[in-house]
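The structure appears below as structure tokens.
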Amino acid sequence: MHSAEGADFFLTDRGYGVTNGGNMEKGYRLRQALSVCYMVGACVLCLINLLNAGKLYMAMFYLLVFGSAAFLFAEFVKGKLLTQADTALLLLLLLWSVVSVVYNYGFSFSALKNYQLALGIIFVGIYTVARNCASREVCLKGMVYSYILEFTLINTVVLCSATASLFHEKKADLLWGCFRVGRLTGIGNANTLGICCDILAMLALYSFLSCKQKILRGFFVFSFVLAIFNLGLTNCRTAILSFAFSIGLVVFFGLLHCGLLDRAFGKCRLCSVGKIGVAMFTAIAGTVLIVAICYIPTELYRLVLRKFGDITGNEYLLQSLQNVFVRSIGSEAGTLTDRTLIWRKVLKDAFRNPRLTWFGISLGSTTEIFGVYAGKHEINTIHAHNTFLEMLRRNGIPGLTIVVAFVGLCGLRLLSLLFDRKRTLSETYLAATVSAFFFIGITEAEPFYFSLWVVPFYVCCGFVIGERRNDV
């Protein structure tokens, strides 16, 4: 993307420039290497967390926190953070989160030494690096490739461990893989695994579209198939719909931009309506097809293992397969039926008193949502299952307002990129991927309730929002 005869590109305050005689700007390579290490380090941190290497995890975690804080301070001194509306909004959200913590717990070092606040510093730093750093494309590839490698490995281990648990009785391992309530469960729970499979599938598809090396493309195909297979086994309907949404978007805008419909319909205004109609119908059909495909893995998995159980006479396996089943999109249990009860309770609690309305319970709070299923059972929930309501719950109306403004700003930028005919298919799909990340927030707390698993969102979002016309 950034190449010219006898010249090298570097990032200046005004964008990408060219050095005289092809000499690199002083310190460029060092900044590039540090940026890539920063991105890869954030992804590796997820794996270290799973390995339960406590001391190593905390050492690397705080290294990233202080590195992010130093970078943000440098960008603040340069004036970049406040002159860019998106970074200014994220910084404002981080500062308001600090205000909320101080208001709820008082001003003290222990109050400010908050895991969620520290993650917030890392993610704002990651977003800003991806948006403004030298050689942004290299940073993006560094993060994407390391994430794909890491989560291909994790998904392989989870699938193998969960499959092994069906053959003989063993304690359910929620971290490394088992089947629970009919769903493939790993890295904590089925929904988290499903969201990670969704992200892995989107990044693998983007990498396949943008990469030219055959060996790497073969690996991306394997990662994509594994992600879709595990996604189907998790039965995470939010993640399935999110991935289908990304495919629908790229099909719609891909058809509008490819010229095929222009040749078929011509260029009159009435023909434009026909083009949009055909593109929309095809996109909706593609979305429905992807949702249907995501339900094939469970049936295929059951069929293969049932045949194997019949051949080997493994009665325990045949009995265990009864705990592996499909939850359809329209099933009564789960996604929207339960979510609406949670949303109603969150809204009721948020306006219970002025403190909760304006400052929320803060990012540092571990308070659960009580009484959601009053009269049914006493199970509590740890978050609002909606990223906007979770921000209202934790940071009050000001925090929610900042997030809505940031999403609106990103939405306008994403639309301009999606409608841009000069973009390649891979660039269009990357914009669709970021849009799908936001889609997850409809029924989950991510991406604004900070979690290590949404590192790719902040990298991809920063890259896409900061993309300049001459990046292409």
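With sequence neighbours excluded, the residues that form a side-chain contact (heavy atoms from CB on, under 4.5 Å) with D86 are Q84, Y127, R131, F406, L409, I465. For the side-chain contact (heavy atoms from CB on, under 4.5 Å) test, residues two or more places apart in sequence or in another chain that qualify with E368 are F370, N380, I382. Listed by chain and number, the residues in a side-chain contact (heavy atoms from CB on, under 4.5 Å) with V181 amount to none (sequence neighbours excluded). By the ring pair (Phe, Tyr, Trp, His ring centres under 6.0 Å) test, Y429 pairs with no residue at all, sequence neighbours left out. The ring pair (Phe, Tyr, Trp, His ring centres under 6.0 Å) check on F281 picks up nothing, with sequence neighbours excluded. The ring pair (Phe, Tyr, Trp, His ring centres under 6.0 Å) test applied to F351 returns no partner, not counting sequence neighbours.
Between the side chain of S161 and the main chain of V158, no donor-acceptor pair closer than 3.5 Å is present. The backbone N or O of I442 lies less than 3.5 Å from a partner atom in the side chain of N386, making a donor-acceptor pair. At distances below 3.5 Å, at least one donor-acceptor pair connects side-chain atoms of S146 with backbone N or O atoms of M143. Under a 3.5 Å cut-off, the side chain of T387 and the backbone N or O of F448 do form a donor-acceptor pair.
The residues D310 and K307 are annotated as not salt-bridged, no charged nitrogen and carboxylate oxygen being separated by less than 4.0 angstrom. Salt-bridge annotation for R306 and E299: absent, with no side-chain N of the basic residue lying under 4.0 Å from a carboxylate O of the acidic one.
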Side-chain polar contacts of residues 315-323 - donor-acceptor pairs under 3.5 angstrom, sequence neighbours left out - could you list them?
unit_1, atom_1, unit_2, atom_2, d
S320, OG, L166, O, 3.2
S320, OG, Y316, O, 2.8

Sequence neighbours left out, cut at 3.5 Å: what donor-acceptor pairs do the side chains of residues 200-210 make with other protein atoms?
unit_1, atom_1, unit_2, atom_2, d
S207, OG, L203, O, 2.9
S210, OG, Y206, O, 3.0
S210, OG, S207, O, 3.4

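Side chains of R393 and E390 form a contact here, defined as non-hydrogen atoms less than 4.5 Å apart. Within the 4.5 Å cutoff, side-chain heavy atoms of C197 are placed close to those of L193. Within the 4.5 Å cutoff, the side chain of R183 has heavy atoms near those of the C236 side chain. No side-chain heavy atom of R394 sits under 4.5 Å from any side-chain heavy atom of S100. The side-chain heavy atoms of F463 and L430, taken from C-beta on, include a pair separated by under 4.5 Å. Proximity of N191 to T234: side-chain heavy atoms (C-beta onward) are nowhere separated by under 4.5 Å. Using a 4.5 Å cut-off on side-chain heavy atoms (C-beta onward), F252 and L418 make no contact. Using a 4.5 Å heavy-atom threshold, the side chains of I154 and I187 count as touching.
Between A283 and G248, the shortest heavy-atom distance links the atoms CB-O, 3.3 Å. What you find for L414 and A431 is that their closest heavy atoms are CD2-O, 3.6 Å. Closest heavy-atom contact between V459 and I126: CG2-CG2, 3.2 Å. Between L255 and C258, the shortest heavy-atom contact is O-SG, 3.5 Å. Listed here is the closest heavy atom pair of L94 and G120: CD1-C, 3.7 Å. Shortest non-hydrogen contact noted between G194 and L231 is O-CD1, 3.5 Å.
Sequence neighbours left out, the pairs with a member in residues 145-175 that pass ring-ring contact (aromatic ring centres under 6.0 Å, His included) are Y145-F220, Y147-F151, F151-W453, F167-F308. Legend: ring-ring contact (aromatic ring centres under 6.0 Å, His included) pairs involving residues 173-203, not counting sequence neighbours, sorted by first then second residue: F179-Y301. Residue pairs meeting the salt bridge (Lys or Arg N to Asp or Glu O under 4.0 Å) criterion with at least one member in residues 140-155, sequence neighbours excluded: E137-K141. The ring-ring contact (aromatic ring centres under 6.0 Å, His included) analysis of residues 224-247, with sequence neighbours excluded, yields the pairs F224-F243, F245-F439.
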Inset, instruction - Could you go through the side-chain hydrogen bond (donor to acceptor under 3.5 Å, both in side chains) check for T87 and T128 one step at a time? - result: CA-CA 7 Å; T87 54; T128 309; 5.8 Å; no

Legend entry - Intermediate values then yes/no, side-chain contact (heavy atoms from CB on, under 4.5 Å), E444 and I195: CA-CA 9 Å; E444 295 296 335; I195 290 170; 3.8 Å; yes

Legend entry - side-chain contact (heavy atoms from CB on, under 4.5 Å) assessment of L117 paired with I121: CA-CA 6 Å; L117 283 179; I121 294 171; 5.6 Å; no

Inset, instruction - Check the pair V101 / S97 against side-chain contact (heavy atoms from CB on, under 4.5 Å), numbers first and verdict last. - result: CA-CA 6 Å; V101 169; S97 298; 5.6 Å; no

Inset, instruction - Could you give me the CA-CA distance, side-chain angles and deciding distance for D349 and R352, then say whether salt bridge (charged side-chain N to carboxylate O under 4.0 Å, His left out) is met? - result: CA-CA 5 Å; D349 289 347; R352 195 172 59 200; 3.6 Å; yes

Inset, instruction - Determine, stepwise, if the pair L159 / L233 fulfils side-chain contact (heavy atoms from CB on, under 4.5 Å). - result: CA-CA 9 Å; L159 180 59; L233 290 176; 3.7 Å; yes

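Considering CG of N114 and OG of S362, their distance stands at 6.5 Å, rounded to 0.5 Å. Rounded to the nearest 0.5 angstrom, T340 OG1 and H385 NE2 are separated by 12.0 Å. Taking CG from L64 and OG from S68, the interatomic distance works out to 6.0 Å, rounded to the nearest 0.5 Å. Atom-to-atom distance recorded for I48:CD1 and L452:CG is 10.5 Å, nearest 0.5 angstrom. Between atom CG of residue L289 and atom CD1 of residue I284 there is a gap of 13.5 Å, rounded to the nearest 0.5 Å. Separating the OG atom in S242 from the CD1 atom in I247 is a distance of 10.5 Å, to the nearest 0.5 Å.
Atom CZ of R180 is surrounded by 12 or fewer heavy atoms from other residues, nucleotides or ligands within 6.0 Å. More than 12 non-hydrogen atoms from other residues, nucleotides or ligands lie less than 6.0 angstrom from CE of M60.
In this model, a donor atom of one side chain and an acceptor atom of the other lie less than 3.5 Å apart for T152 and S223. Counting only N and O atoms by type, the side chains of T433 and S246 include no donor and acceptor under 3.5 Å apart.
Using cut-offs of 30° and 60° on the angle between ring planes, the pair F61 and Y57 is parallel. Using cut-offs of 30° and 60° for the angle between ring planes, the F419 and F253 rings count as perpendicular.
Between F123 and F457, the ring centre distance reaches or exceeds 6.0 Å.
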